[in-house]
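The structure follows.
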Number of protein chains: 2
Amino acid sequence: MDSTVINLKSKLEIYKAMTGGGNLADCPVRDVIQGLNGKWSSLLTAALAEQPYRFGELRRLVPDISQRMLTQTLHELQRDGYVHREVFPTKPPSVEYSLTDLGRSMFGALQHLLQWAELNHDAVREARKEFDTAQA
Amino acid sequence: MDSTVINLKSKLEIYKAMTGGGNLADCPVRDVIQGLNGKWSSLLTAALAEQPYRFGELRRLVPDISQRMLTQTLHELQRDGYVHREVFPTKPPSVEYSLTDLGRSMFGALQHLLQWAELNHDAVREARKEFDTAQA
DNA sequence: CAGGATCCTTCTAGATACTG
DNA sequence: CAGTATCTAGAAGGATCCTG
């Protein structure tokens, strides 16, 4: 079966996983998703999915991220187990960031959404334009 | 080919789509993803993927969302073309929200990530715990 | 019933300066 | 090189009251 085909059963399961139990605050799915909701999380994951990078390389690669947000986002991704941080005791020190197995697995799932976004960006933009002019 | 298998070519394409052109502020992928980064966007999309709901039904379904955020998030999802809003001129009025074709298409891609989150929540939690104790 | 308007709090993210 | 620390503006989100 094509894994892009979604049956109702899995929809219901996801929905239940997100809303069920009356304990939304501790909902597992939302807990994980929340960790990827940052402005830079997806972008940095996508970058590291290509190949490992060092701190400075990532800065140059993503010129409009502040060094504070780069540090912080990498830290969060590392904390959630997606990113491995390896320090090489050179002088001056160099630090390499790479995806863990969990990170690669997660990116495999995230990628569907990124690809969809790339393919359907025009439709979304068009919908926004239409909506905004209709409101005016 | 199993669509969960990622080849390097598509990785690179996504990465380029997210970072290329030196025009990150207008990056299409990030533009679309940003619209789904809200605290409630995924949850409401998942709910509406199951079936259409009325405003009050969604409130009861997601008890910990404020009515303000429910209104606002539905509005954003509608603006991006994911959600259709239909007003029935009854007394008092009733409004039904449902996914558009674009919304269903988007959810098909988002769902991979939600399913991954459900399956791997324990691993993420474990990683966090390990990271936090290692820091202490 | 389905919101709009307001006020307030918290969280996010950017700018800048400094350090091992 | 790879960060930390501090400060601040702005956005996101919550609480409450009001209405067609």
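A note on names: the letters A, B, ... follow the listed sequences, proteins ahead of strands, and every chain is numbered from 1. All of these numbers come straight from a predicted model, not from anything done at the bench.
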When rounded to whole Å, the CG to P distance for the pair L70(A) and dT4(D) reads 11 Å
Considering only heavy side-chain atoms of K39(B), the closest of dG4(C), dC1(C), dG14(D) is dG14(D)
Here the distance between atom C1' of dG3(D) and atom CZ of R85(A), to the nearest Å, is 8 Å
>> Is there a side-chain contact between R68(A) and the phosphate of dA17(C), meaning an N or O under 4.0 Å from OP1 or OP2?
In response: no
Hey, does R54(A) reach any base, or is it just sugar-phosphate, or nothing, if we go heavy atoms under 4.0 Å? sugar-phosphate
Here the distance between atom P of dT16(D) and atom CD of Q67(B), to the nearest Å, is 12 Å
When rounded to whole Å, the CZ to P distance for the pair R59(A) and dG14(C) reads 12 Å
Could you tell me whether Q72(A) contacts a base, only the sugar-phosphate backbone, or nothing, with contacts defined as non-hydrogen atoms closer than 4.0 Å? nothing
Quick check on the 6.0 Å ring-centre criterion: do F107(B) and H112(B) meet it? no
Item checked: Short side-chain N/O contact to dG20(C) OP1/OP2 from K91(A), under 4.0 Å -> no
Of G38(B) and P93(A), the one whose nearest nucleotide on DNA chain D sits closer to the 5' end is P93(A)
Y97(A) side chain near dC1(D) phosphate (N/O to OP1/OP2, under 4.0 Å):
no
* **Backbone of Q78(A) reached by a side-chain donor or acceptor of R85(A) within 3.5 Å** => no
note: Q34(A), atom CD; dC11(C), atom P; distance rounded to Å ~ 12 Å
